[in-house]
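Worksheet: the structure to be examined is printed underneath.
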Amino acid sequence: MNFITISFSESLSQAAFSAISDKSVMIYPTRASADAARLEYQEQWALQDLLWISMQDFRDLLLCMPSPVLEDDKRLICVYQVLSEEDKEHFHLNGYADLVLWGTQLFQFCAELLDAGIPVLEFQEQAAQRNLNLRLWQEDNIRRISDILLRYRSFISSHGFSDRIFHEGSDAAQIPFNGYRIICVNQFYYSKLEKALLRQCEAAGNEVLLIYQGVAADQEHWETGLFDPAANWEGLKSKARIRLFDCESEQQQALSFIAMDVGECAILDSQFGKKAYSAYFDPNKLLGNDQVSICETHWYRFQRVFLEILQSLQDSPGYIPLRIIIKYFVHPQMLIPLCPEWTEQDFVAFERELYEQQNQELLYLDTDPARQFDNEESRLFHFAVSLNAVLQDIMRITGIGDLAELLSTSLAVERYSTAMERDNTDLLPKVWSAMANFSAIQDLGLISSWSELFEIPCLGVFELWLDYLKSIRLKRDI
């Protein structure tokens, strides 16, 4: 095991690249940093056998399972199906929506046990052996969780699947490398599992290099010492000129920065795109602004509005709260998909009718417009007919197949997206690609009946689909 520490005056990338041999595995903390390094090295590539991966990819590569592995929503759906009514009552899980956070934390906890070298199914036994002085409710929770995990493993095994949380750890790892140089770049923390896997790689005939920047590591525990800013500042060959400006708010900070007109620069804020002050900057001048969350698209927001309306109908069956209509549908951009033949005069007339109804203290729109409106020429009547047609289609969903069909008709991307989203992003292929993956939940036979999972299947499947989409980012042509 070789430990290499470089100063902040040196290039981390060049230090890593100079260590590359004909057969190398480059391991970075994240997949994004691994991809960035691969692109940077691309011009120097000389037909070497190179693999650029994240530490998580490295772990997954070595911790092979005997059958296909479940992840994300598929594992949550399976664990929900093995919960007893007593389990749901004990952990306050009133439905699948409550399970999402609880289940995510459960699997994170299991991953941490694996990291610590504790087999998940032996946790209850080891907790008892270590005399942890647990309270009665903690012992009860551990017992219940252990039982749930046993039922979960049995359930997924019966369907031909497995989960990495049940892996036996480093002792059962399969090493796919021999004669490679394995280079870990700027990984400041290694779990017990990761240390064991790297040692096994070394024992299997590979050379392992651990590269750190700025702070040397303790070679016994692989832990970096305390960072000393003063010492590292003095050690720099060339020192940057730093000026500090004290501003009262982020808005004032942004405006002051823009007024300085500094030319090319970098804004260091991981949440920049979500901050209000980002609106002050010209998006066409921002590098790295070529991706956007699917949640920000007009199409996705429309789907969320439909879901909100359908959920409100559970409290007032047959009647849509007028406040929701006023909240979302006073802008022509929201009306065009439902009433594409309308003119500017129609939009104005609709808004006037809407507020007239509000002034008359009308609280709801009837899901059967003919019962509420005598005048079929009313713009509000035509809008209600069109809206309810879409809502009825969603309420007829019995499974993912029905939802997929609606993506070509009532919920089509082309219908609710803007021209910019259709022409300048990959929204359409991303939605259909997501649907193909989402359909696997049903195609793999993990669910016998959606009614067993959701009290109202159509709403459950629709909301599950929208939650599934949240992590998708679209490429945007600037």
Side-chain angles (χ1 to χ4, degrees), residues 1-5 16 25-31 33-34 51 53-66 69-71 75 104-134 138-139 141-142 145-146 149-150 152-153 162-178 180-227:
M1 199 75 61
N2 298 316
F3 293 78
I4 301 172
T5 304
V25 179
M26 307 296 292
I27 303 175
Y28 286 79
T30 66
R31 189 171 295 171
S33 57
L51 181 62
I53 56 176
S54 67
M55 178 56 76
Q56 185 60 51
D57 294 331
F58 171 73
R59 292 163 48 130
D60 292 346
L61 196 60
L62 271 62
L63 301 181
C64 298
M65 300 299 291
V69 174
L70 293 179
E71 294 181 350
R75 64 192 338 196
T104 300
Q105 292 175 337
L106 171 64
F107 286 111
Q108 287 175 346
F109 174 67
C110 292
E112 290 171 6
L113 288 177
L114 183 61
D115 267 345
I118 301 174
V120 169
L121 298 179
E122 296 178 15
F123 175 59
Q124 182 180 7
E125 179 183 347
Q126 292 204 23
Q129 292 175 352
R130 298 187 184 192
N131 297 318
L132 298 178
N133 295 320
L134 299 173
Q138 291 174 315
E139 293 179 352
N141 279 354
I142 290 173
I145 288 173
S146 296
L149 291 173
L150 277 170
Y152 168 65
R153 186 180 68 168
S162 57
D163 195 308
R164 283 196 178 88
I165 64 170
F166 299 119
H167 197 278
E168 297 176 6
S170 58
D171 292 340
Q174 300 180 30
I175 310 301
F177 311 116
N178 182 265
Y180 279 76
R181 177 174 290 174
I182 299 174
I183 305 170
C184 297
V185 184
N186 228 23
Q187 181 86 19
F188 278 85
Y189 169 79
Y190 294 88
S191 68
K192 183 177 180 180
L193 173 65
E194 290 162 355
K195 291 176 185 178
L197 293 176
L198 287 169
R199 289 193 179 104
Q200 285 196 315
C201 285
E202 188 175 44
N206 301 288
E207 180 185 5
V208 178
L209 274 63
L210 309 181
I211 300 179
Y212 298 84
Q213 186 173 34
V215 184
D218 171 7
Q219 298 190 15
E220 180 180 354
H221 301 99
W222 302 19
E223 296 176 356
T224 57
L226 293 176
F227 177 71

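Partners of Q124 according to the side-chain contact (heavy atoms from CB on, under 4.5 Å) rule, which considers only residues two or more places apart in sequence or in another chain, are I142, R143, S146. Scanning for salt bridge (charged side-chain N to carboxylate O under 4.0 Å, His left out) contacts around R31 gives D57, with sequence neighbours left out. Scored by the side-chain contact (heavy atoms from CB on, under 4.5 Å) test, S170 finds L193, A196, L197, Q200 as partners (sequence neighbours excluded). Partners of F3 under the side-chain contact (heavy atoms from CB on, under 4.5 Å) rule, at least two apart in sequence or in another chain, are M1, L210, Y212, A217, Q219, W222. Here E71 pairs with R164 under the salt bridge (charged side-chain N to carboxylate O under 4.0 Å, His left out) rule; sequence neighbours left out.
Between C64 and Q174 the shortest heavy-atom distance is CB-NE2, 3.9 Å. Considering every non-hydrogen atom in both Q187 and P29, the closest pair reads OE1-CA, 3.3 Å. Across every non-hydrogen atom of P119 and Q126, the tightest pair is CD-NE2, 3.8 Å. Smallest separation of non-hydrogen atoms from A173 and L63: CB-CD2, 4.3 Å.
In this structure, OG1 on T30 lies 11.5 Å from CE on M55, to the nearest 0.5 angstrom. Separating the CZ atom in F107 from the CG atom in D163 is a distance of 5.5 Å, to the nearest 0.5 Å. With values rounded to the nearest 0.5 angstrom, Q108 atom CD is found 6.5 Å from Q105 atom CD. How far CG of D60 is from CD of Q56: 4.5 Å, rounded to the nearest 0.5 Å. Of the inter-residue distances, the one linking I4 atom CD1 with I211 atom CD1 reads 5.0 Å to the nearest 0.5 angstrom. Here the straight-line distance linking atom CZ of R153 with atom CD1 of I165 works out to 10.0 Å at 0.5 Å rounding.
At distances below 3.5 Å, not a single donor-acceptor pair connects side-chain atoms of N178 with backbone N or O atoms of G205. Without hydrogens or angle criteria, E194 side chain to S191 main chain gives a donor-acceptor distance under 3.5 Å.
Among pairs with a residue in residues 204-215, those fulfilling salt bridge (charged side-chain N to carboxylate O under 4.0 Å, His left out) read R181-E207, at least two apart in sequence or across chains.
Considering only heavy atoms from C-beta on, I118 stays 4.5 Å or farther from K192 through its side chain. Annotation: side chain of I175 is in contact with side chain of L62 (closest heavy-atom distance under 4.5 Å). The closest side-chain heavy-atom distance from I145 to F123 is not below 4.5 Å.
When the options I53, N206, I183 are evaluated for a side chain to side chain contact (heavy atoms under 4.5 Å, CB included) with V25, the one that passes is I53.
Note: F177 and F58 have parallel aromatic rings, judged against thresholds of 30 and 60 degrees for the angle between ring planes.
Shown here is E168, whose CD atom has no more than 12 heavy atoms of other residues, nucleotides or ligands within 6.0 Å.
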Checklist line | side chain to side chain contact (heavy atoms under 4.5 Å, CB included) assessment of R75 paired with L106 | finding: CA-CA 11 Å; R75 64 192 338 196; L106 171 64; over 6 Å; no
